[in-house]
Each structure stands twice: as structure tokens, then as C-alpha cells.
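First up is the structure itself, then whatever we jot down about it.
What's counted below: heavy atoms across the whole structure, side chains too, no hydrogens, waters or symmetry copies.
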Amino acid sequence: MDVIRAYVPGDDVLEREPMCRHTTFRVGGKAACFVRISSIGQLQKLIPYFEQIGLPYFILGNGSNLLVSDDGYDGVILQVGDKFGRISTEGNHMEAQAGALLSAVARCALEHGLTGLEFASGIPGTIGGGVVMNAGAYGGEMKQVVTQVRVLGSGGEILTLDREAMEFGYRSSVIKNRRFTVLTVTLELACGDKKEIQARVEELARRRREKQPLEYPSAGSTFKRPEGYFAGKLIMEAGLKGYSVGGARVSEKHCGFLVNTGDASAADVAALIREVQERVKDKTGVSLEREVVYLGNL
């Protein structure tokens, strides 16, 4: 803790911090240490140190695709969030620090009359997390607009990866398989009409409200889309619409979403995920792969 506090202000270092405060599922136990990052320099000092001493750490954005164990996390959470979320625009290019919310970047694009990021306006994650998993919605994906990503290697070195080097795939990128931490993301958009961009954003927001259970805590789509299928349809056909384990339930509005009805535990959510996977496999022969990341003993 003394080493961490040597580089990070005391108010940004929290001990035994409940992770239910930092995930969109609103579940999870306590992290041994929770650090709010505000500069590249902090990451350059801390990550190589953690690697050297073998201390487990996890890079957290907005916690929108994460399930943390009820037992918590016996390591350091480095939150790359709003303290590291600057956004700038030059012509039709935008640069955003990793902690900027995708919704904020999309809003900034709208304000500058730039089109191409409307699909991300309702995604609750950060742009850093968005490029790690090549986030997408309504026919758009991060790989369509990202031109380069600056990352920090585990030894503290800074690298610049272009679109090809990012190896974007369906809900994946090279960063998922390497110990890289996203620092900044550069986007190339197109000039557009503000009214048309606004209309598209509002249309996607309306579709989300109609089709997604936004009134409940969740991690968005729980499963990846199996090739040739839709996860939600498979879950519904397996008779699991509204099925629950404890306080976790398969949404009746959209079966691809598992929601916290108010008193779910992480164990409830994990058990429901396993049950859905088993029943869909038995019913259809299709294996559902989690999109949600697990942290801790689940």
C-alpha cells in the first residue's frame, strides 16, 4: 500500500472496497485494494511493480461486462475511469483516454457533427474496454472506427497498435490475449449532419428501451452470439424465459440478458449462467460462450 500511495493520492486508494459499487450487475465482494487511476505515469510505475512482485491486479473500466465473486478479489483493482477520460477532436479524428465512457465519446462525436459512432451511444462501458472486446451493437463495431490504440506493456513500455495489429474479431482483440493496458484510442469518423446523427442516436435509444431490460442491473448481453444463431432465441426456446436462481433471472423482455432483480449474489448469477448453458446445450446442441468476464472464485 505504501508503494501505491507513493504514486497515487490517498483519496484515490481504497482498502476493502465493495465491488458491487463498481459493476453494472451491482454484485460482488470486496477488493483488497481499489485504485483510481488518473495518469499514464501511475500505470507505468504500478504495473511493472505488481508484475515484479507477483501481485495480482485487474484493470477495470466501468464494470459493465464483469461479474466479481462474492468473496471479492485478493489483489489490486486499477480503475481506469473518469479520472482518465479526456476526449479531444481534430477534424474527423477523435482521441479518447481509456476511461472515457463510450456514451460520452459518441456524444462528443455528435456535438462535432461526426458520424460512425452512433452504435456506441448506448453501450455502458468505457472506450478502453470497448476496444479490448471490440464492442458492438446494431451493426456497428469498434474495429470500424478505430485507427490506433496506445497500450502499456507489462514492463511499462508504451506501444502503438494500428487497426491490423489489434487483430479485432467478434468480441475480441489482441489485447484479450496479451498483458496490455489500453491508454488512448484514436478514431476516424466521417463528417455528417448533426440532425441526422441525433435522429439515429434517438432511434437506437428507443429500440434499446423497447427490447432491453434497462430497468434492472445487468451486464448487457450475457453470452456471445453463436455462429448462425441468436443466444436470446436459443434461451427462450429452451424454456428459460423468466427462469431464476435466487435473485438472478433470465429477462422476460430479452432472454439474452440475465438480470439482478434486486437481491442477487454473484453466486446466483454464476449458477444461472451455468444452468442456461447446460439447458441450451441439452435442448439444441449449441454451446453458449460467456461474454461476461469472471473475476475471483466463481
Side-chain angles (χ1 to χ4, degrees), residues 24 61-65 80-151 160-173 175 182-215 218-221 224-225 230 232 253-254 256-257 291:
T24 57
N62 197 43
S64 60
N65 199 41
V80 179
D82 58 1
K83 285 179 172 285
F84 192 68
R86 181 182 56 82
I87 305 167
S88 61
T89 305
E90 184 174 347
N92 66 327
H93 289 83
M94 300 183 69
E95 182 177 274
Q97 291 183 318
L101 288 174
L102 277 168
S103 57
V105 182
R107 184 168 58 251
C108 183
L110 166 61
E111 291 169 355
H112 286 82
L114 298 176
T115 183
L117 202 59
E118 291 89 331
F119 73 90
S121 58
I123 298 176
T126 61
I127 195 167
V131 297
V132 170
M133 66 172 293
N134 186 25
Y138 299 108
E141 291 181 302
M142 294 305 297
K143 70 177 183 180
Q144 298 168 353
V145 294
V146 170
T147 58
Q148 68 179 34
V149 181
R150 290 176 71 215
V151 300
T160 299
L161 307 179
D162 62 18
R163 184 180 296 165
E164 183 177 354
M166 282 294 294
E167 298 178 10
F168 285 121
Y170 175 65
R171 299 298 175 264
S172 69
S173 72
I175 298 175
V182 177
L183 301 175
T184 63
V185 180
T186 302
L187 311 172
E188 183 177 9
L189 303 174
C191 295
D193 181 87
K194 284 188 180 182
K195 290 183 178 179
E196 292 179 1
I197 298 168
Q198 180 68 48
R200 176 61 174 164
V201 168
E202 290 176 357
E203 167 63 13
L204 295 182
R206 182 189 63 78
R207 291 168 64 179
R208 284 189 175 92
R209 289 193 300 269
E210 290 178 353
K211 298 182 178 181
Q212 297 180 10
L214 303 180
E215 65 273 25
S218 78
S221 296
K224 295 181 180 180
R225 185 179 67 245
F230 291 99
K253 197 172 187 179
H254 189 317
F257 284 62
E291 190 170 304

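Remark: the backbone N or O of V132 is paired with a side-chain donor or acceptor of S173 at under 3.5 angstrom.
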Listed pairs under 3.5 Å, donor-acceptor, residues 105-118 side chains, sequence neighbours left out:
from : atom 1 : to   : atom 2 : distance (Å)
H112 : ND1    : C108 : O      : 3.0
T115 : OG1    : E118 : OE1    : 3.4
T115 : OG1    : E118 : OE2    : 2.6
E118 : OE1    : G116 : N      : 2.7

For a quick test of your reading: what N or O donor-acceptor pairs under 3.5 Å do the side chains of residues 202-213 make, sequence neighbours left out?
from : atom 1 : to   : atom 2 : distance (Å)
E202 : OE2    : Q198 : NE2    : 3.0
E203 : OE1    : R206 : NE     : 3.2
E203 : OE1    : R206 : NH2    : 3.1
E203 : OE2    : R206 : NH2    : 2.7
R206 : NH1    : E210 : OE1    : 2.9
R206 : NH1    : E210 : OE2    : 2.6
R208 : NH2    : F119 : O      : 2.9

Anything under 3.5 Å between a donor and an acceptor, one on a side chain of residues 86-100, the other on a protein residue two or more places apart or in another chain? List them.
from : atom 1 : to   : atom 2 : distance (Å)
N92  : ND2    : L189 : O      : 2.8
Q97  : OE1    : G85  : N      : 3.3
Q97  : OE1    : R86  : N      : 3.0

Would you give me the side-chain donor-acceptor pairs under 3.5 Å for residues 135-146, sequence neighbours excluded?
from : atom 1 : to   : atom 2 : distance (Å)
E141 : OE2    : N134 : ND2    : 3.4
Q144 : OE1    : E141 : N      : 3.3
Q144 : NE2    : G139 : O      : 3.3

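Nearest heavy-atom pair across S103 and S121 is CB-O, 3.5 Å. Taking both residues in full, the closest heavy atoms of Y170 and R225 are given as OH-N, 2.8 Å, listed atom of the first, atom of the second, then distance. Looking at every heavy atom in both residues, N62 comes nearest to T24 through O-CG2, 4.1 Å.
By the side-chain hydrogen bond (donor to acceptor under 3.5 Å, both in side chains) test, K224 pairs with E289, sequence neighbours left out. By the side chain to side chain contact (heavy atoms under 4.5 Å, CB included) test, T147 is found to be paired with R163, T186, E188, residues two or more places apart in sequence or in another chain being considered. Remark: K194 pairs with no residue by the salt bridge (Lys or Arg N to Asp or Glu O under 4.0 Å) rule, at least two apart or across chains. Residues passing the side chain to side chain contact (heavy atoms under 4.5 Å, CB included) test with D82: none are found, sequence neighbours excluded. For F257, the ring pair (Phe, Tyr, Trp, His ring centres under 6.0 Å) criterion is met by H254, not counting sequence neighbours.
When side chains are defined from C-beta on, I127 counts as touching L187, because their heavy atoms get closer than 4.5 Å. At least one side-chain heavy atom of V182 sits under 4.5 Å from a side-chain heavy atom of I175.
Annotation: K253, atom NZ; neighbour count of heavy atoms from other residues, nucleotides and ligands within 6.0 Å is above 12.
With values rounded to the nearest 0.5 angstrom, N65 atom CG is found 10.0 Å from S218 atom OG.
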